[in-house]
2 protein chains.
Amino acid sequence: MERAGPVSRRNRPAKSALSQETVVDAAMTLLTADGLDGVSMRRVAQALDTGPASLYVYVQNRDELIALLMDRIAGDIPLPATDGADWRERLTDLMLAAIAQLSRYPGVAVRMFATIPTGPNSLALTDALLGLLAHAGLNRQTRAWAVDVLALYIVAAGTEATLHTERGTPHLSQGAPAPGPNPFAGLPAQQYPNLHDLSEELTYGSFEQRTRWSIDVLINGILATVAE
Amino acid sequence: MERAGPVSRRNRPAKSALSQETVVDAAMTLLTADGLDGVSMRRVAQALDTGPASLYVYVQNRDELIALLMDRIAGDIPLPATDGADWRERLTDLMLAAIAQLSRYPGVAVRMFATIPTGPNSLALTDALLGLLAHAGLNRQTRAWAVDVLALYIVAAGTEATLHTERGTPHLSQGAPAPGPNPFAGLPAQQYPNLHDLSEELTYGSFEQRTRWSIDVLINGILATVAE
DNA sequence: ACCTGAACACCGTTCAAGT
DNA sequence: ACCTGAACACCGTTCAAGT
């Protein structure tokens, strides 16, 4: 009773058969090379030696193609051990791994605000996140809302990290502090007394340091804030 | 010793003179009507009865135009009272107001991940945020990193709210809970035990309720997590 | 059913020429 | 110095025609 998906007829010597997999493969190659901006329907088609219209057999539109790319990317984030002593460390590591993975593919994290991820890999990650929160002794509603903020933070930090990647500023997978002159130092103290006063502290610390601190803030906050 | 900015010569009967202000005005009108996607250089030019090339006298490129729009939007967020008893309530209100304001202009919040806001209105808001944190008894480094996470959260929540606006789901400035069927209820319990188990809780609560809880999480977390 | 060239309705930005 | 039409190099998506 199964209906087979569309089958390509390009089994000729020169061209290989198209399929959703080959389309996503080609898109993934472009994504890795040029970021999401490089993944246009026309360029994907070109890479497959065909016209853009051909892709619409395997993918509804560019948005669906991007959703498929997202889930591939999610699939490369290692799931945490389901059991173990330190849930907090496992949670932190999972979040850092997710942010680092998103930072590798410029333009992808931003789009995740739009899509509640429904791919199997993304769902598995969310489920794992919830599993870790269960070890924290939180009630059901708190766990549910907590996974929401944590996911939002992952996507937000991933988006930020991506921009650091594009600008060449160091981020998660690199060391070294930020370079360049302090943009807050020159601000008028009259108008912006607090920014002026804290200009040193505002630029202190690497992206990784700040991210680790932020994750601590979130976890401490969740532990201290019962929902309901 | 001042150099005057470019002055338009279109002081003829039919067309009014162009200036950066008129360009941003026209862009703002389009933004309000159609969101940021509606603000193309060509459409702005059309609204001003000219060609797109004319705009480049008053604005370096579309990115700069968007940055100018952002600061206009920031200017409509009321600054908190500089003194008062309850810093925590003032901080919460400021964050909710900022998120609500961003939710009114689809497409804008997303772009704020890219830009460290340098407009006068955005800087004033950040300065005010830091001022409120000073009342919380936090050390200097904690205040600096705190304003970072809070700003990141505002932009992230604003981006999310925007999508709710676009989809017609209720959000900050509206009441009522979310409609539609529960997307987690039908998930296989074998593969996603936690998502399946918490499907009720995952969809419980309005956007405003969740946002308020998240802000509480952040504030509690910041108070519990000293930087340095 | 799959594949495709051509077209439709758009983009941002640049450039040479006009005033 | 300001303004502009036209062009350049792109987009996503649709459609009619081919196999």
Side-chain angles (χ1 to χ4, degrees), chain A residues 2-24 26-27 30-31 33-69 106-107 110-111 114-115, chain B residues 2-24 26-27 30-31 33-69 106-107 110-111 114-115:
Chain A
E2 281 180 46
R3 280 193 295 138
V7 175
S8 170
R9 293 218 187 144
R10 297 211 300 172
N11 307 26
R12 279 163 274 168
K15 303 182 176 187
S16 59
L18 287 178
S19 68
Q20 191 179 79
E21 221 198 309
T22 56
V23 169
V24 180
L30 287 170
L31 176 64
D34 304 318
L36 198 60
D37 286 346
V39 184
S40 72
M41 299 301 274
R42 296 173 114 98
R43 295 233 289 152
V44 172
Q46 202 176 42
L48 293 167
D49 195 21
T50 183
S54 306
L55 306 180
Y56 288 81
V57 181
Y58 305 101
V59 128
Q60 277 205 313
N61 50 35
R62 186 168 181 257
D63 278 351
E64 192 189 314
L65 177 56
I66 292 173
L68 293 167
L69 288 172
V110 178
R111 312 257 334 195
T115 339
Chain B
E2 281 179 47
R3 281 193 295 136
V7 175
S8 171
R9 294 219 186 143
R10 297 209 301 172
N11 306 26
R12 279 163 276 168
K15 302 180 176 185
S16 60
L18 286 179
S19 67
Q20 190 178 82
E21 222 198 307
T22 57
V23 169
V24 180
L30 287 169
L31 176 63
D34 304 319
L36 199 60
D37 286 348
V39 184
S40 72
M41 300 301 274
R42 296 173 114 98
R43 295 231 290 152
V44 172
Q46 203 176 40
L48 293 167
D49 195 21
T50 183
S54 306
L55 307 180
Y56 289 82
V57 179
Y58 305 101
V59 128
Q60 278 205 312
N61 49 36
R62 186 169 182 257
D63 278 352
E64 193 189 315
L65 177 56
I66 292 173
L68 292 167
L69 288 172
V110 173
R111 311 257 334 194
T115 339

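Letters A, B, ... mirror the listed sequences (proteins, then strands); counts begin at 1. Since the structure is predicted, the reported quantities are computational estimates derived from the model, not experimental observations.
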Query raised in the report: For DNA chain C, what is the dot-bracket line, given that a base pair needs Watson-Crick (N1 to N3, plus N6-O4 or O6-N4) or G-U wobble (N1-O2 and O6-N3) geometry with both distances under 3.5 Å, and | means paired with another strand?
Result: ||.|||||...|||||.||
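What separates CZ of A/Arg62 from P of D/dG12 is a distance of 5 Å, to the nearest Å. Between the CD atom of A/Gln20 and the P atom of C/dC2 there is a distance of 13 Å, given to the nearest Å. Nucleotide D/dT14 holds its P atom 8 Å from the CG atom of A/Asn61, rounded to whole Å. If you take CG of B/Leu18 and P of D/dT4, they are 7 Å apart, rounded to a whole angstrom. The distance between atom CG of A/Asp63 and atom P of D/dG12, rounded to the nearest whole Å, is 11 Å. Between the CE atom of A/Met41 and the C1' atom of D/dC15 there is a distance of 16 Å, rounded to whole Å. Rounded to whole angstrom, the span from the CD1 atom of B/Ile66 across to the C1' atom of C/dG12 amounts to 11 Å. If you measure from atom CG of B/Leu65 to atom P of C/dT13, you get 10 Å, rounded to the nearest angstrom.
Considering only the side chain of A/Val57, C/dC2 comes nearest among D/dG12, C/dG12, C/dC2.
Although no hydrogens or angles enter the test, the distance criterion places no donor-acceptor pair under 3.5 Å between the side chain of A/Arg62 and the main chain of A/Met41.
Closest heavy-atom contact between B/Leu36 and B/Gly107: CD2-O, 3.2 Å. B/Leu31 and B/Pro106 make their closest contact through CD1-O, 4.4 Å (heavy atoms, listed as atom of the first residue, atom of the second, distance). The two residues B/Ala47 and B/Ala26 have their closest heavy-atom pair at CB-CB, 4.5 Å. What you find for A/Ala45 and A/Leu55 is that their closest heavy atoms are N-CD1, 3.9 Å. Nearest heavy-atom pair across A/Val39 and A/Val44 is CG1-CG2, 3.9 Å.
Taken from CG in A/Asp37 to CG in A/Leu30, the straight-line distance is 12.0 Å, to the nearest 0.5 Å. One distance of note links CG of B/Leu68 with CD of B/Gln60; it measures 10.5 Å at 0.5 Å rounding.
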Could you write out each protein N or O paired with an N or O of nucleotides 5-9 of chain C at a distance under 3.5 Å?
none

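To the nearest whole angstrom, the two P atoms, one in D/dA9 and one in C/dC10, are 22 Å apart.
Other residues, nucleotides and ligands contribute more than 12 heavy atoms inside 6.0 Å of the CD atom of A/Glu64.
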